[in-house]
**Student:** 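One structure, pasted below without further comment.
Chain identifiers are assigned alphabetically (A, B, ...) following the order of the sequence lines, protein sequences preceding nucleic acid strands; residue numbering begins at 1 within each chain. Reckoned from all heavy atoms, side chains included, excluding hydrogens, waters and symmetry mates.
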Amino acid sequence: MRPVSPFRPLPPSFYRRPAEAVARGLLGRYLVRDLEGERLVLRLVETEAYLGGPDRASHAWDGRRTPRNESLYLAGGYAYVYFIYGMHFCLNAVTGEAGIGSAVLLRAGEPVEGEEQMVANRAWKRSPRPGDLAGGPGKLCQALRIDRAFDGTLLDRGPLRITAGDPVPEEAVAAGPRIGVDYAGEAAAWPLRFAVRGNRHVSKPWPVAP
DNA sequence: CGGAAGATCCACT
DNA sequence: GTGGATCTTCCGA
């Protein structure tokens, strides 16, 4: 059997499943960004699932629907990009069928290609700490220069896409509560954050290694 | 129409 | 560990 190219895009059918399954399945995949004739590649190492209506931490909680989150209600396979804290963007992959509002937040990746350009994109007052190019959802978008222009675009084509990459086996996936959702009541504790076990590029230290 | 909060990051103590 | 930056979005009045 011929091996699948790591740069072959994942089809929309990959995303039309429950967010939790997609969040696990996205670990190890490549997030590919064509920018100014260069190809930037991050290997995804941390994701979070947001379940939509029943999930108080979700932008689609209780069916909330506004111009900002409209693309969250598209079918699985589209990007949902939002602006937060007056200065950061966050990238999600929409999951499930249209109208659900479930998605996976891409929280962290490790550089595979185009590291130099990512460092330049990340420059704040000083240079980013070495090895911390995309350890967080805001940083990830900075490194790849992702903004609202990608909101509602398909992730299997175009200058921003997710490809087959280098999937990780189930036993190498750690799960725990999501970050920054303390306001979400009971949902804050749901173990919907996933990461490659032991990976250095994960945004926040893993609570407990079971 | 005003206020408050936010799926974050950085700098400093 | 704490606080500030920074501004869009949203909800309640």
Side-chain angles (χ1 to χ4, degrees), chain A residues 15 18-20 22-24 26-27 31 42 44-74 76 78-96 100-111 118-152 155 174-195 200-207:
Chain A
Y15 302 93
E20 181 175 344
V22 177
R24 290 174 174 276
L26 280 176
L27 294 176
L31 179 61
L42 285 175
L44 297 172
V45 299
E46 183 184 356
T47 59
E48 281 178 356
Y50 288 82
L51 306 186
D55 180 1
R56 189 154 191 176
S58 168
H59 290 173
W61 173 59
D62 201 27
R64 286 190 148 82
R65 191 162 187 155
T66 66
R68 174 214 203 191
N69 70 6
E70 189 61 28
S71 59
L72 184 48
Y73 290 92
L74 294 168
Y78 286 87
Y80 167 49
V81 181
Y82 64 87
F83 185 61
I84 191 72
Y85 293 117
M87 60 186 90
H88 299 296
F89 295 97
C90 292
L91 170 65
N92 294 251
V94 177
T95 64
I100 305 284
S102 67
V104 173
L105 172 67
L106 307 184
R107 282 196 60 91
E110 63 180 320
M118 291 187 217
V119 171
N121 291 340
R122 282 266 295 121
W124 205 254
K125 281 184 182 176
R126 307 180 192 180
S127 301
R129 293 211 322 279
D132 186 25
L133 267 55
K139 300 179 197 174
L140 181 149
C141 285
Q142 271 180 40
L144 300 186
R145 247 192 263 173
I146 294 165
D147 60 22
R148 281 281 281 181
F150 289 102
D151 186 53
L155 289 169
R178 293 170 292 182
I179 301 291
V181 297
D182 295 343
Y183 59 86
E186 190 176 296
W190 296 349
L192 294 177
R193 177 190 182 212
F194 305 97
R200 298 195 320 279
H201 300 271
V202 169
S203 67
K204 290 195 163 61
W206 209 252

**Student:** Consider only side-chain N and O atoms of A/Arg107 and A/Ser203, and report whether a donor and an acceptor are under 3.5 Å apart.
**Tutor:** yes
**Student:** Distance-only, no hydrogens or angles: does the A/Asp62 side chain make a donor-acceptor pair with backbone N or O of A/Gly53 under 3.5 Å?
**Tutor:** no
**Student:** Counting only side-chain N and O atoms of A/Arg65, is one of them less than 4.0 Å from OP1 or OP2 of C/dT9?
**Tutor:** no
**Student:** Let me know the distance between CD of A/Gln142 and C1' of B/dC10, rounded to the nearest Å.
**Tutor:** 10 Å
**Student:** To the nearest Å, how far apart are A/Tyr82 OH and B/dA5 C1'?
**Tutor:** 13 Å
**Student:** So does A/Arg56 get a side-chain nitrogen or oxygen closer than 4.0 Å to the phosphate oxygens (OP1/OP2) of B/dA7?
**Tutor:** no
**Student:** Could you label the plane-to-plane angle of the A/Phe89 and A/Phe83 rings as parallel, tilted or perpendicular, counting under 30° as parallel and over 60° as perpendicular?
**Tutor:** tilted
**Student:** Between A/Arg148 and A/Met87, name the one whose nearest nucleotide on DNA chain C is closer to the 5' end.
**Tutor:** A/Met87
**Student:** Does A/Arg56 pair with A/Glu186 as a salt bridge, N-O distance under 4.0 Å?
**Tutor:** no
**Student:** Using Watson-Crick or G-U wobble pairs with both distances under 3.5 Å, give me DNA chain B in dot-bracket, 5' to 3', with [ ] for crossers and | for pairs to another strand.
**Tutor:** ||||||.|||||.
**Student:** Rounded to whole angstrom units, what separation is found between the CG atom of A/Asp182 and the C1' atom of B/dA7?
**Tutor:** 11 Å
**Student:** Provide, to the nearest angstrom, the distance between the CD1 atom belonging to A/Ile84 and the P atom belonging to B/dA5.
**Tutor:** 13 Å
**Student:** So does A/Tyr183 get a side-chain nitrogen or oxygen closer than 4.0 Å to the phosphate oxygens (OP1/OP2) of B/dA7?
**Tutor:** yes
**Student:** In whole Å, I'd like the distance from the CH2 atom of A/Trp61 to the C1' atom of B/dA5.
**Tutor:** 14 Å
**Student:** Do A/Tyr85 and the base of B/dG6 stack face to face, with centres under 5.5 Å apart and an angle between planes under 30°?
**Tutor:** no
**Student:** Rounding to a whole Å, what distance do you find between A/Lys139:NZ and B/dC9:C1'?
**Tutor:** 7 Å
**Student:** Once rounded to the nearest 0.5 Å, what's the spacing between atom CD of A/Gln142 and atom CE of A/Met118?
**Tutor:** 13.0 Å
**Student:** Look at A/Arg107 and B/dT8 and indicate whether a side-chain polar atom (N or O) is within less than 4.0 Å of OP1 or OP2.
**Tutor:** yes
**Student:** Starting at CD1 of A/Ile179 and ending at P of B/dC9, how long is that distance when rounded to a whole Å?
**Tutor:** 10 Å
**Student:** Under 4.0 Å between a Lys/Arg side-chain N and an Asp/Glu carboxylate O for A/Arg178 and A/Asp55?
**Tutor:** yes
**Student:** Measure from the side-chain heavy atoms of A/His88 and tell me the nearest of C/dC7, B/dA7, B/dT8.
**Tutor:** B/dT8
**Student:** In whole angstroms, how far is the P atom of C/dC7 from the CZ atom of A/Arg68?
**Tutor:** 16 Å
**Student:** For A/Tyr78 and A/Ser71: C-alpha separation, side-chain torsions, deciding distance, then whether side chain to side chain contact (heavy atoms under 4.5 Å, CB included) applies.
**Tutor:** CA-CA 8 Å; A/Tyr78 286 87; A/Ser71 59; 6.0 Å; no
